[in-house]
Amino acid sequence: MEIDPLIFRLSIFILSIFVGYYVVWSVTPSLHTPLMSVTNAISSVIIVGAIIAGLSGNSDSIFNTSSIFGFLAIALAAVNIFGGFLVTQRMLAMYKKKKKDK
Amino acid sequence: MISANLSAIFYLISGVLFILALRGLSSPETSRQGNFFGILGMLIAVTVTFLTTGSFSTGFVFVIVFILVGGSIGAFIAYKIPMTAMPELVAGFHSLVGLAAVFVAISAFLNPIAFNLGTPGNIKLGSLIEMSIGAAVGAVTFSGSVIAFLKLQGIMSGSPIIFKGQHPLNAIILVSIIILIYFLCSTQSSNLFWVLLAVSFLIGFLLIIPIGGADMPVVISMLNSYSGWAAAGIGFTLENTALIITGALVGSSGAILSYIMCKGMNRSFFNVILGGFGASDEASNISNKEQRPVKSGNADDAAFLMKNASSVIIVPGYGMAVAQAQHALREMVDTLKKNDIKVSYAIHPVAGRMPGHMNVLLAEANVPYDEVYELEEINNDFANADVAFVIGANDVTNPVAKTDPQSPIYGMPVLDVEKCKSVLFVKRSLSPGYAGIDNDLFYKENTLMLFADAKKMTEDITKNL
């Protein structure tokens, strides 16, 4: 009997929750704000769905209701991706160690 | 055009890179590399999507245009945003993830052929269930985050909005969402799909309005979690591993942060969600205001105490950020260090308005992160320190949390500031904090109150040192 591919995806999902659980507990509390902004950025990988949606129109009509929602989603996700990664980088650049010269 | 198997492998790689991105945050040294992994993962995911669809026609140009438009807005915000406004920014970003998930779900519902999910009106059952869950959670994330954003920004009052029958109403709506999904899947009716979205937007709104301003750290973390589950739901619809992995990561990350924040306030998650905390702010403000003697001093006294100390612990709170005193504070600390006084910072988990917020604010003021300690790390040191300098914090230092079982904050982990030889408490007045209760610390024998604006007082102390 064949196993539904959904089961495989579900396995990936469940295991990822566990990976997430252990990885996030190991994040130092002082970096919790960058953690939130970077999770924000990576969850915008939803842009892959938005791109498929945006390209769903045929060559005669690029814009139909479905693809317009796709394009809007692309823009929203792009705000998040660029904004999220850049603001994370900006924050992380501020974390400096004590100067050792004392 | 690349094969479906090859693209699936690339999506898996980008999922793994996202895990590494979070892993990097375990220490500040590896964090920048982690962020790079995240960017790389995103780049791979987007490129592979282009290659898989294989269409580089006019549509492709528009995709690039929209990415550039969104991207430049995002980049502009990222560079302009002041660090004090991070909670608002994150709440705003969450709303965008939620809305993007909703839009993708709408698009997939209207044109399932493009996503290989069947035909309109005859979408595969599994896909439809996943899609509607993704859309519903996305909608809740969107409207909830918008409310959180408005509350944080001060456009909407931070005080909880409570009305009669709120909880039964919410329960009815939640049940109706499940029923709607059931009928949507059995009838494939597009009307039901729109109703589902509308109801989900409504519940997101209703869930967040009763939550008070002091609980915003929990709310932001919770919405972080929701945005992850929404992404995962869409990931199942699109059969995309990168999205499923990321959704699970973000979902559990937000859940853990909510848990940490709840623990920092000693409140159960349900207690926060049901809301209403801090509603009696005004009432308790006036009551039990018995006159107790308070010792107050000026910058000169404070400077004298600190100059003669050998170790000082700084306890910053959000009030410090409001007064924009972090740079002045760091200058004061620099002067102290020149006089060979050991200085460290003690951060309570809920010191800022979102998890880790205070650490970012101190980092921005060039405070080295290895001088900043978490509650558990530093709490035993108060007994051996000479001076505790409390600036902009209040409830998190209140010894009542340890002594008075009647107190609303009883059991909340607090910083043992009162164990210090002397306590300097910078505050504008004796008014209570978020929890609306009096702080016993004000009246302790060894406490010296410094009534002034945090920034001005810190600068004055530096002058007197």
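Just so we're on the same page: letters track the sequence lines, and every chain starts at 1. Basis for what follows: all heavy atoms, side chains included, without hydrogens, waters or symmetry-related copies. From a predicted model like this one, the values you see are computed outputs, not experimental measurements.
For a residue to count as touching a neighbouring chain, one of its non-hydrogen atoms must lie under 4.5 Å from one of that chain's; by this rule A:Ala41 touches chain B with the backbone only. In this structure, the portion of A:Ile47 lying under 4.5 Å from any heavy atom of chain B is its side chain and not its backbone. B:Ser221 touches chain A through backbone and side chain together, each having a heavy atom under 4.5 Å away. Residue B:Leu17: no heavy atom, backbone or side chain, is found under 4.5 Å from chain A. Contact of B:Ile260 with chain A is made through the side chain alone, with heavy-atom distances under 4.5 Å. Using a 4.5 Å cut-off between heavy atoms, B:Lys80 touches chain A through its backbone atoms (N, CA, C, O) alone. If you measure heavy-atom distances from A:Leu10 to chain B, the contacts under 4.5 Å come from both the backbone and the side chain. Only the side chain of A:Val38 comes within contact range of chain B, with at least one heavy atom under 4.5 Å from a heavy atom of that chain. Both the backbone and the side chain of B:Ile81 come within contact range of chain A, with heavy atoms under 4.5 Å apart. If you measure heavy-atom distances from B:Glu364 to chain A, the contacts under 4.5 Å come from both the backbone and the side chain. Looking at B:Thr246, only its side chain comes within 4.5 Å of chain A, counting heavy atoms on both sides. The parts of B:Leu22 that come within reach of chain A are both its backbone and its side chain, each placing non-hydrogen atoms under 4.5 angstrom from that chain. With a threshold of 4.5 angstrom between heavy atoms, A:Ile81 approaches chain B through side-chain atoms but not through N, CA, C or O. With a 4.5 angstrom heavy-atom cutoff, B:Tyr373 does not touch chain A via any of its atoms. Looking at B:Ile245, the atoms closer than 4.5 Å to chain A (heavy atoms on both sides) sit in the backbone and in the side chain alike. B:Val69 does not touch chain A: none of its heavy atoms, backbone or side chain, sits under 4.5 Å away. Both the backbone and the side chain of B:Ser31 have a heavy atom closer than 4.5 Å to some heavy atom of chain A. Within the 4.5 angstrom heavy-atom criterion, no atom of B:Val372 approaches chain A. For B:Glu239, the parts sitting under 4.5 Å from any heavy atom of chain A are the backbone and the side chain alike.
In summary, the side chains of B:Thr241 and A:Arg9 do not present any donor paired with an acceptor at a separation below 3.5 Å, with no hydrogens or angles considered. Side-chain polar atoms of B:Ser127 and B:Thr237 form no donor-acceptor pair below 3.5 angstrom. Using a 3.5 Å distance cut-off with no hydrogens or angles, the side chains of A:Thr39 and B:Asn224 do pair a donor with an acceptor.
Checked options B:Leu238, B:Ile244, B:Thr49, B:Ile44; the residue passing with B:Tyr11 is B:Thr49 (criterion: side-chain contact (heavy atoms from CB on, under 4.5 Å)).
A salt bridge is absent between B:Glu130 and B:Lys124: the closest approach of a Lys/Arg side-chain nitrogen to an acidic carboxylate oxygen does not fall below 4.0 angstrom.
Closest approach of B:Ala78 to A:Arg90, counting heavy atoms only: O-NH1, 2.7 Å.
Taking the six-membered ring for Trp and the full ring otherwise, B:Phe18 and B:Phe37 have centroids separated by 6.0 Å or more.
The 12-atom threshold is exceeded at CD1 of A:Ile7, counting heavy atoms of other residues, nucleotides or ligands nearer than 6.0 Å. Atom CZ of B:Phe62 has 12 or fewer heavy atoms from other residues, nucleotides or ligands within 6.0 Å.
In this structure, the separation between CG on B:Asn359 and CD1 on B:Ile347 is 4.5 Å, given to the nearest 0.5 Å.
In this structure, B:Tyr369 and A:Tyr95 have tilted ring planes: the angle between them lies in the 30° to 60° band. In this pair, A:Trp25 and A:Tyr21 present their aromatic rings perpendicular. The plane angle is above 60°, beyond the 30 to 60° band.
Between the side chain of B:Ser253 and the backbone N or O of B:Leu249, no donor-acceptor pair lies under 3.5 Å.
Among A:Ile42, A:Leu76, A:Val24, the residue making the largest number of heavy-atom pairs under 4.5 Å with chain B is A:Ile42. Taking A:Thr65, A:Val23, A:Val48 one by one and counting their heavy-atom pairs under 4.5 Å with chain B, the maximum is reached by A:Val48. Your options are A:Ser66, A:Gly49, A:Gly20, A:Ser43, and the one with the most heavy-atom pairs under 4.5 Å with chain B is A:Ser66.
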